[in-house]
**Student:** 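Let me begin by handing over the structure; questions about it come next.
Treat the numbers as computed from the prediction; the structure is a model and nothing was measured. The sequence lines fix the lettering, A, B, ..., with proteins before strands; numbering per chain opens at 1.
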Amino acid sequence: MPHPTEPSFAELVDDWFADAARPLPWRAAEVSPWAVLVSEFMLQQTQVSRVLPRWTAWMERWPTPAALASAPPAEAVRAWDRLGYPRRALWLHEAATEIVERHGGEVPSGLDELLALKGIGPYTARAVAAFAFGERHPVVDTNTRRVLARAIDGRAHAGAPSTARDLAAMSAQLPVERDAARRFNAGAMELGATVCTARTPDCDGCPVRSRCAWLAAGRPDDGAPKRRQARYEGSDRQVRGIVLAELRAAHAPVDRALLDARWSDAAQLERALGTLVADGLAVVGDEGYSLPDA
DNA sequence: AACGCGTGGGG
DNA sequence: TCCCCAAGCGT
């Protein structure tokens, strides 16, 4: 018989996750694949605490893809509220329509079918396949990228995102067995979100501290992220946000004069309106701007 | 490949 | 106060 071996990285994560997992409602055993899919759309670049109330309201109102598909896109954008990146609301509505048209109203479990849906990329497709259907795929989000960079590569920050490299790195750690793989995918994300955080990691409380290459190396502060996020104040994004807030609040076309009163830079407002229309988030009529009805 | 895309939490 | 960061995706 072999000697007793040290727990693997995945086993350490799994043991920790069994107790430390937050009781998020979309992780409950009885939730539908649609509920998981909605949570993944909302969680794209958005923290759990902000998603929780919007997800609950959304699932009560639109418990199936067909329910959402039958509503006007404008209602989806309104229900999205201030979650941010409102294109996601439009994409989710479009995905629901595609699910009804192509998959009989049932969220597909296959990677290719999921990837073909609007707004679903490499992360979300694998997250839905893994968490809603138990399929064995590597699931890599920003948390997992950071956990692997530190524990395996010994670096403080993950390198530039590369789907192929990131999936390969996670695959190298992924347990063979289906349920163990699913738990490791979820556990690695959770670890990055709650312990191995970007700014102030809690290495003392980390379940993988005994196997962390970064900690073993003395937590070297290697090259920090290079590209700084663009300033929001005064940005086109801010103007779009202001316009969209007006459109969400109004239930009749919003006159251009009202919008002009909300932003002094006419050229920038014009640009924002143009991109909103191009994105399908706004439509222009004789009486002004509205959210899309169909 | 790098950029544009919202809004807010937290150090 | 500011600035970093956040369960990414489409182009």
**Student:** Counting side-chain heavy atoms from C-beta on, which of B:dG11, B:dT7, C:dA7 comes nearest to A:Glu40?
**Tutor:**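 Minimum distance to the A:Glu40 side chain belongs to C:dA7.
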
**Student:** Work out how far the C1' atom of B:dA1 is from that of C:dG10, and round it to whole angstrom.
**Tutor:**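 Their C1' atoms lie roughly 13 Å apart.
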
**Student:** In terms of the nearest nucleotide of DNA chain B, which residue is placed more toward the 5' end: A:Leu244 or A:Ala160?
**Tutor:** A:Ala160

**Student:** Could you check if a side-chain atom of A:Phe9 sits within less than 4.5 angstrom of a side-chain atom of A:Phe184, using non-hydrogen atoms only?
**Tutor:** yes

**Student:** If each of A:Leu115 and A:Ser39 is mapped to the nucleotide of DNA chain C with the nearest heavy atom, which maps nearer the 5' terminus, i.e. the 5' end?
**Tutor:** A:Ser39

**Student:** Does OP1 or OP2 of C:dC3 have a side-chain N or O of A:Arg231 closer than 4.0 Å?
**Tutor:**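 Checking A:Arg231 against C:dC3: at least one side-chain N or O falls below 4.0 Å of OP1 or OP2.
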
**Student:** Look at the side chain of A:Pro122 and decide which nucleotide, out of C:dC9, B:dG4, C:dC3, has an atom nearest to it.
**Tutor:**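 Of all the options, the side chain of A:Pro122 is nearest to C:dC9.
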
**Student:** Base, sugar-phosphate or nothing for A:Leu83? Non-hydrogen atoms, less than 4.0 Å.
**Tutor:**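 Base contact - A:Leu83 has a heavy atom under 4.0 Å of at least one base atom.
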
**Student:** Could you check whether A:Arg146 gets within reach of a base, just the sugar-phosphate, or nothing at all, counting any heavy atom under 4.0 Å?
**Tutor:**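 Sugar-phosphate contact only.
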
**Student:** Please evaluate the base of C:dC5 for a donor-acceptor partner in the side chain of A:Arg199 within a cut-off of under 3.5 Å?
**Tutor:** no

**Student:** Which part of the nucleic acid, if any, lies within contact of A:Ala127, taking any heavy atom under 4.0 Å across all strands shown: a base, the sugar-phosphate backbone alone, or nothing?
**Tutor:** nothing

**Student:** Please determine if a side-chain N or O atom of A:Gln45 lies less than 4.0 Å away from the OP1 or OP2 oxygen of C:dG8.
**Tutor:**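 Yes, such a contact exists.
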
**Student:** Hey, which of these two, A:Arg82 or A:Trp91, hits DNA chain B nearer its 5' end, going by closest nucleotide?
**Tutor:**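 Nearest-nucleotide comparison on DNA chain B picks A:Trp91.
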
**Student:** When rounded to the nearest Å, what value does the distance between P atoms of B:dC3 and C:dA7 take?
**Tutor:** 22 Å

**Student:** Write down the distance between CD (A:Gln47) and P (C:dC5), rounded to a whole number of angstrom.
**Tutor:** 13 Å

**Student:** Working to the nearest 0.5 Å, report the span between OG of A:Ser39 and CZ of A:Phe131.
**Tutor:**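 Interatomic distance, A:Ser39 OG to A:Phe131 CZ, rounded to 0.5 Å: 9.5 Å.
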
**Student:** Is there a side-chain contact between A:Lys118 and the phosphate of C:dT11, meaning an N or O under 4.0 Å from OP1 or OP2?
**Tutor:** yes

**Student:** Would you say a side-chain N or O of A:Tyr85 is under 4.0 Å from OP1 or OP2 of B:dT7?
**Tutor:** no

**Student:** Please state whether the phosphate of C:dA6, meaning OP1 or OP2, lies under 4.0 angstrom from any side-chain nitrogen or oxygen of A:Thr142.
**Tutor:** yes

**Student:** Is it possible for you to say whether A:Val51 and A:Met189 belong to one hydrophobic cluster, with membership spreading through side-chain heavy-atom contacts below 4.5 Å?
**Tutor:** no

**Student:** When we call it a touch if two heavy atoms are under 4.0 Å apart, what does A:Arg145 touch: a base, just sugar-phosphate, or nothing?
**Tutor:** nothing

**Student:** Is it the case that A:Arg182 and A:Asn185 place a side-chain donor and acceptor less than 3.5 Å from each other?
**Tutor:**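 Looking only at side-chain atoms, A:Asn185 and A:Arg182 do not form any donor-acceptor pair under 3.5 Å.
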
**Student:** Would you say the rings of A:Trp58 and A:Trp80 are close, in the sense that their centroids are separated by under 6.0 Å?
**Tutor:** yes

**Student:** Over all strands shown, is A:Ser235 touching base, sugar-phosphate only, or nothing at heavy-atom distances under 4.0 angstrom?
**Tutor:**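 Contact class for A:Ser235: none.
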
**Student:** Between A:Tyr123 and A:Glu40, does any side-chain donor sit less than 3.5 Å from a side-chain acceptor?
**Tutor:** yes

**Student:** Has A:Thr124 got a side-chain N or O lying under 4.0 Å from the OP1 or OP2 atom of C:dC9?
**Tutor:**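 For A:Thr124, the contact criterion (side-chain N or O under 4.0 Å from OP1 or OP2 of C:dC9) is met.
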
**Student:** Hey, does the side-chain of A:Thr46 have a donor or acceptor N/O within less than 3.5 Å of a partner on the base of B:dG6?
**Tutor:**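 Indeed there is one.
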
**Student:** What contact category does A:Trp55 fall into here, base, sugar-phosphate, or nothing, at under 4.0 angstrom with non-hydrogen atoms?
**Tutor:**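 A:Trp55: no heavy atom of the nucleic acid under 4.0 Å.
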
**Student:** With a 3.5 Å cut-off and heavy atoms only, can you find an N or O donor on one side and an acceptor on the other between the side chain of A:Gln229 and the base of C:dC5?
**Tutor:**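 A donor-acceptor contact between them is present.
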
**Student:** Describe the nucleic acid contact of A:Leu24 in one word from base, sugar-phosphate, nothing, applying a heavy-atom distance below 4.0 Å.
**Tutor:**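 Base, at least one base atom sits under 4.0 Å.
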
**Student:** Please state the C1' separation for the pair C:dT1 and B:dG8 - nearest whole angstrom.
**Tutor:**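 Those two atoms are separated by 16 Å.
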
**Student:** Between A:Asp141 and A:Ile120, which has a closest nucleotide on DNA chain C that is more 5'?
**Tutor:** A:Asp141

